[in-house]
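All remarks here apply to the structure that follows.
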Amino acid sequence: TTTTTTTTTTGDKKPRATSHWLTQLWWYLPIAWSLIKYSSIVAPLVKWLAVFVLALLLSAYLLQWSISDFYLNHSHAFAKYCWLIEERNDGVESKANNGKEQPQAPSLIESMSVLRVPNLKGEEREGRTVLLTGATGFVGSMLLRDLLVHREKLKVRKVLLLCRAKGGRSAKERIQRLLSTDLFEFLQPAQLAALVEVVEGDVTKSNLGLSEQAKRKISEDERLTHVLHCAASVNFTQTLESAALCNITGPLNVQRFSGTCANKDVVFVHLSTAFVHGSKTGTQESPLDEQLFDLQQFDPVELYRSMLGSQYLATKCFNFFGFHNTYTFSKCICEHLLAQNIATKTIILRPSIVGPAVQYPFEGWCGRKPSTLVAAACLYLNFQWNLWCFGPQAVPFIPVDFLSRFIIGTVWKDKAGGEKKTAGEGDTTQDGSPSMECRIHNAVWDVASPRTAEFSWLDFAAIVTQLGAFMGYFSRFTAYIGLFSMKRVFPLLQLRKEDFTSLHSAVIVGPFKLAMRTAKFCGFGTKDFEMILPFLDLPLLFFPFVNAQYCFSSRLKAPNALDGKRYAFMSVVAAHRFCAPRLKNRGISTSRFNLIEGRGVSIWKDACWAFTQPNGGLMERLASCVLSFILHRTCSEVVV
């Protein structure tokens with residue numbers, strides 16, 4: 001890549017006097033004379049120096065032969081969008097203000113008819129009330145924002161937030177903390193107080209854990225038109241019983257409560273997941289549709305009881321269809337049980353992997369903590385010696401702002417008499433009557449979406465390693481090793497999940513736990529170990545999704561203006577912003593690209609840096625080594 005380099009000398013350091021070099025030379029002369037005098041010592045030193053240089057050359061050419069072409073070919077996104085690293089993440093400053101590239105077109109979401117907010121000004125009903133669960137989550141908070149932003153078009157008078165106490169904070173404290181963020185800065189405190197009302201409860205309990213007064217107030221509100229259920233436990237390692245309680249009992253309780261409301265036309269909306277089809281991934285010719293997954297001989301009611309009881313039948317079904325985790329399995333069973341309730345109008349939306357926002361409230365917004373896609377990049381940056389197996393398949397992602405607008409557009413248009421979709425031809429309830437009240441929508445890019453709007457898991461891995469090496473999280477040599485294993489080694493091994501699990505346990509988990517126990521035995525701190533340990537198995541949880549090509553049918557077709565590579569880079573930048581405090585603690589700047597920062601003044605470090613560049617001949621590498629050493633001795637910053 002071509003870069004413009006400027007060298008500066010800050011005022012913090014005093015200019016080195018010319019006599020400094022002469023003084024050093026005066027001390028080096030006796031040492032040089034001694035080496036010449038004792039030639040028997042010089043010869044072995046020269047020999048080992050030659051071996052060292054030869055090893056550097058061999059490693060450089062080995063890396064160039066094995067991975068540098070891939071590294072360079074996938075560096076275009078970094079070269080094109082690296083300015084996003086310095087972009088402010090508060091959504092205030094636009095690129096139009098500093099002469100850089102403009103952000104993606106402001107009409108990107110509005111250009112899609114399926115994402116347009118319906119205008120209900122002609123509706124008879126005024127002052128609607130909406131009940132929302134999971135508002136403190138990633139999707140729920142964005143959905144709350146859109147409801148408040150478009151409240152006039154949607155005729156929303158009040159949003160009731162059903163929230164439970166957690167972490168020593170009451171429901172009101174948790175919501176107040178959410179509303180005090182920049183996400184809702186477009187409203188004054190008085191407006192928020194008038195539009196938002198907090199209701200303390202728990203969806204896993206009977207009557208949603210509401211007090212008798214709160215229950216009566218909500219159920220008797222004839223203006224209540226929509227109940228949006230976004231609360232869930234997105235935990236891939238939870239037990240079947242825990243998954244059933246959080247992801248099945250909760251939605252069933254909320255749906256049942258919706259049916260008791262005074263307004264019999266209330267619509268219950270459930271947020272599911274696109275990965276409810278077991279091991280099926282769909283094909284270009286036969287994508288995964290918007291129907292209930294066929295459980296064949298298994299009864300969803302009995303499966304639900306089994307999950308809460310002996311778990312024998314549930315485990316048998318889980319293994320029979322090849323579900324990857326208890327989260328997706330519980331979501332599948334929940335869909336069937338929700339579809340059996342014909343007394344309540346129900347809409348199920350299936351998002352894929354939800355990633356950072358493209359446009360609203362600003363590009364790269366991803367909530368207060370890393371989501372699935374960003375969490376993977378965070379773990380890679382913080383602990384690069386983990387073992388990942390990213391494949392060449394496309395990432396099934398959906399930006400959170402697109403998802404939120406799709407929910408609103410689908411639910412309100414559907415309620416207003418738009419196109420209706422049944423849960424599936426032939427679906428029946430417990431008494432055998434057809435279920436026509438449950439509609440399912442895939443909230444994921446349709447298989448016919450343009451290829452420019454997608455990126456592969458390998459593209460994502462390359463961007464993570466390049467940004468990590470450039471910003472100082474790890475060396476480029478470390479980045480090479482990770483890419484080499486993913487690009488060259490793992491495709492040859494054709495690993496299954498069981499094989500990768502064994503390999504990961506032997507190479508990563510075992511040594512990590514041994515190092516942790518050793519540090520604890522020697523009296524060293526284990527805080528960093530304990531912080532990483534819960535996320536150590538994340539590559540195992542990702543494995544089934546990053547090595548399969550998913551194809552869906554959906555009303556969502558990615559716009560041509562959506563740049564998949566830019567979105568991938570922006571997702572990694574979002575992870576970098578979460579991890580930036582770690583660099584600051586190490587004394588490394590996160591706002592400027594200082595090439596000489598953190599390496600120290602050492603000819604050997606400069607040599608390793610020069611000979612692990614992805615391209616260049618021998619003379620270029622030697623020249624860059626010498627130049628880097630000189631810059632270290634004369635400059636305090638080398639900024640790209």
Side-chain angles (χ1 to χ4, degrees), residues 134 137-139 229-252 270-282 287-296 298-300 303-304 306-308 311 313-339 348-355 371-373 375-376 391 393-398 403 423-424 440-445 457 496-498 500-501 537-554:
F138 182 38
V139 177
H229 181 58
C230 297
S233 176
V234 189
N235 185 344
F236 294 167
T237 59
Q238 60 189 339
T239 63
L240 286 169
E241 182 179 4
S242 177
L245 182 64
C246 298
N247 298 328
I248 301 180
T249 303
L252 291 178
H270 172 65
L271 206 63
S272 184
T273 177
F275 307 103
V276 293
H277 303 84
S279 60
K280 292 184 177 180
T281 59
L288 299 175
D289 55 25
E290 298 175 321
Q291 308 292 333
L292 289 173
F293 177 63
D294 185 8
L295 291 174
Q296 299 180 18
F298 295 97
D299 180 12
L303 289 173
Y304 175 44
S306 175
M307 293 176 72
L308 295 173
Q311 302 182 3
L313 184 63
T315 303
K316 182 179 179 181
C317 178
F318 182 93
N319 296 328
F320 181 80
F321 290 110
F323 281 92
H324 302 308
N325 52 65
T326 55
Y327 171 75
T328 56
F329 180 67
S330 63
K331 287 289 189 179
C332 176
I333 305 304
C334 183
E335 287 187 2
H336 281 268
L337 298 177
L338 293 175
I348 298 175
L349 294 114
R350 295 171 170 171
S352 54
I353 298 176
V354 184
S371 60
T372 307
L373 192 63
Q393 294 81 6
V395 179
F397 73 96
I398 182 73
L403 173 60
I440 299 176
H441 303 274
N442 285 338
V444 60
W445 300 132
W457 287 106
R496 299 175 301 171
K497 184 179 179 180
E498 296 77 11
F500 183 70
T501 301
D537 290 337
L538 199 59
L540 302 179
L541 305 178
F542 268 75
F543 184 86
F545 303 100
V546 301
N547 290 277
Q549 181 65 55
Y550 284 89
C551 299
F552 298 91
S553 63
S554 171

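One-based numbering along the sequence shown. Computation of the quantities below employed the complete heavy-atom set of this structure, encompassing side-chain atoms and omitting hydrogens, waters and symmetry-equivalent molecules.
Nearest heavy atoms, Phe293 versus Lys280: CE1-CD, 4.1 Å. When all heavy atoms are compared, the tightest approach of Ile333 to Pro300 is CG2-O, 3.7 Å. Closest heavy-atom contact between Cys246 and Pro251: O-CD, 3.8 Å. Here the shortest heavy-atom pairing between Leu240 and Met307 reads O-CE, 3.4 Å. What you find for Thr326 and Ala243 is that their closest heavy atoms are O-CB, 3.8 Å. Residues Pro396 and Phe552 share a closest heavy-atom pair of CB-CE1, 4.4 Å.
Judged as a side chain to side chain donor-acceptor pair (under 3.5 Å), not a single pair has a partner in residues 543-554 (not counting sequence neighbours). Within the structure, salt bridge (charged side-chain N to carboxylate O under 4.0 Å, His left out) contacts touching residues 326-337 (residues at least two apart or in different chains) are Glu335-Arg350. Here side chain to side chain donor-acceptor pair (under 3.5 Å) pairs that include residues 229-242, with residues two or more places apart or in two chains, are Thr133-His229, Ser233-Gln238, Asn235-Thr237, Gln238-Ser242.
A 4.5 Å side-chain heavy-atom check between Ser371 and Val354 finds every atom pair outside the cut-off.
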Subject >> Pair Leu540-Thr501, side-chain contact (heavy atoms from CB on, under 4.5 Å): steps then yes or no >> reply: CA-CA 6 Å; Leu540 302 179; Thr501 301; 4.0 Å; yes
**OP:** Take Ile348 and Ser272, measure what side-chain contact (heavy atoms from CB on, under 4.5 Å) needs, and give me the verdict at the end.
**Re:** CA-CA 7 Å; Ile348 298 175; Ser272 184; 3.8 Å; yes
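Partners of Phe545 under the ring pair (Phe, Tyr, Trp, His ring centres under 6.0 Å) rule, at least two apart in sequence or in another chain, are Phe275, His324. Residues satisfying the side-chain hydrogen bond (donor to acceptor under 3.5 Å, both in side chains) test with Thr328, not counting sequence neighbours, are Asn325. Under the side-chain hydrogen bond (donor to acceptor under 3.5 Å, both in side chains) criterion, Asn442 pairs with no residue at all, not counting sequence neighbours. A search for side chain to side chain contact (heavy atoms under 4.5 Å, CB included) contacts involving Cys317 returns Leu295, Phe298, Leu303, Phe321, Phe329, not counting sequence neighbours. Taking the side chain to side chain contact (heavy atoms under 4.5 Å, CB included) definition, one finds that Leu252 meets it with Ile248, Gln255, Arg256, Tyr304, Leu337, Leu338, sequence neighbours left out. Checked against side chain to side chain contact (heavy atoms under 4.5 Å, CB included), Asp294 has the following partners two or more places apart in sequence or in another chain: Gln296. In this view, Val546 and Phe390, Trp457, Phe542 satisfy the side chain to side chain contact (heavy atoms under 4.5 Å, CB included) rule, not counting sequence neighbours.
Looking only at distances, a side-chain donor or acceptor of Ser330 sits under 3.5 Å from a matching main-chain atom of Tyr327. A donor-acceptor distance shorter than 3.5 angstrom exists from the side chain of Ser306 to the backbone of Leu313, with no hydrogens or angles considered.
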